[in-house]
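Contents: one structure, followed by commentary.
Throughout, protein chains are lettered first and strands after them, A, B, ... in sequence-line order, and every chain is numbered starting at 1.
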2 protein chains.
Amino acid sequence: MGAGTKGTSVSPGHSTGTAVAEYERSCEAGPDVGRMIRDVLDRVGDKWSLLVVGTLGGERRRFSELLRGIPGISQRMLTLTLRQLERDGLVVRTAYAEVPPRVEYELTELGGTFVEIAHTIADWAIANHGAIERSRSRYDDR
Amino acid sequence: MGAGTKGTSVSPGHSTGTAVAEYERSCEAGPDVGRMIRDVLDRVGDKWSLLVVGTLGGERRRFSELLRGIPGISQRMLTLTLRQLERDGLVVRTAYAEVPPRVEYELTELGGTFVEIAHTIADWAIANHGAIERSRSRYDDR
DNA sequence: CGGAATCCCTTGGGATACTG
DNA sequence: CAGTATCCCAAGGGATTCCG
């Protein structure tokens, strides 16, 4: 990923500043960085994007593969999610004009960098869900 | 719990396996790792958690500070989000029994590790929103 | 000041049925 | 197979009011 943005720079030295906090500051200066974050957050946040991207991983997969690969998803939501990802340039769709139609999806380069976010989140989830569950129990019976 | 991650750290050796892909595999073996991911994803994904945690950053802040610090949020959602975060053990709430009540919020250690996710996402957003916007334009007028 | 409660509209998203 | 189209309910979340 291109961490080296020059203009509105992201200033790699996080010492006191959260990127989000830094966004707060840059709000009064630059253009609305807030929208950018919101924008990406909305995509990260929706119920399926990350799972789809994650499941897509490195290989090209066809629609039905993804449908089976992602347990709870409906075919409607898979379609919608894939359209979004395609629009955002994270995924490329290739349709083959065959008699039983075949469509394959693949991550773009940009999509590949997005996977790292999936990594980060999933790893954190795996590492810390125990602590979270415990905290919840403590909070609930109290 | 571990996927090799011990404490707070993220990203072990990604070679072929997405953490999400790894979750796919472990689905048939271990307990429902899916729920863990969904669980954390739901928290990451909701409209405000990341912004609140990010804004909270290192320091303790009071309710009204956060309210002003996070542009679009309603006081209702701030309350709800903070309760969730407290329940999950990412944030501690300290109420001072004073005449005009004062309540301060602060990240826990666990909450601190969560900030790294905010970093990752925010940085990615800043670095790549340009490409995304361009992709969208291309997709839309077509 | 820091909430809790209520109201109410908007959105997300599942189920189902139909089509090229 | 890979969608699109409808229907419809449930959750999300803003605005407002009330309270200790």
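The side chain of B:R62 approaches C:dC1 more closely than any other nucleotide in the set C:dA4, D:dT4, C:dC1. Checking D:dT17, D:dG3, C:dG2 against every side-chain atom of B:P101, the shortest atom distance belongs to C:dG2. Of the candidate nucleotides C:dG2, D:dG13, D:dC1, D:dC1 has the atom nearest to the side chain of A:S64. If you check C:dC1, C:dA4, D:dT6 against the side chain of B:Q75, the one that comes closest is C:dA4. Checking D:dG3, C:dA15, D:dG14 against every side-chain atom of B:R76, the shortest atom distance belongs to D:dG14.
To the nearest angstrom, P of D:dG12 lies 15 Å from CG of A:D42. In this entry the distance linking CE of A:M77 with P of C:dT16 reads 17 Å, nearest Å. Following rounding to the nearest Å, A:L67 (CG) and C:dA15 (P) show an atom-to-atom distance of 12 Å. Rounded to a whole Å, the CZ atom of B:F63 is 6 Å from the C1' atom of C:dG2. Atoms CZ (A:R68) and C1' (D:dC1) sit 11 Å apart, rounded to a whole Å. The separation between B:K47 atom NZ and D:dG14 atom C1' is 9 Å, rounded to whole Å. The interatomic distance linking A:L80 (CG) with C:dG12 (C1') rounds to 10 Å, in whole Å. The interatomic distance linking A:I73 (CD1) with C:dA15 (C1') rounds to 15 Å, in whole Å.
B:Y96 comes within 4.0 angstrom of nothing in the nucleic acid, heavy atoms only.
By the 4.0 Å N-to-carboxylate-O rule, A:E104 lies close enough to A:R60 to be salt-bridged with it.
Side-chain atoms of B:R43 and B:V53, non-hydrogen and from C-beta on, never get closer than 4.5 Å to each other.
Under a cutoff of 6.0 Å and an axis angle of 45°, B:R136 and B:Y139 do not form a cation-pi pair. Remark: A:R61 fails to qualify as a cation-pi partner of A:Y105 under the 6.0 Å distance and 45° angle criteria applied to the six-membered ring.
Residue B:R83 places at least one side-chain N or O under 4.0 Å from the OP1 or OP2 atom of C:dG3.
Nearest heavy atom pair, residue B:L110 against residue A:A131, reads CD2-CB, 4.1 Å.
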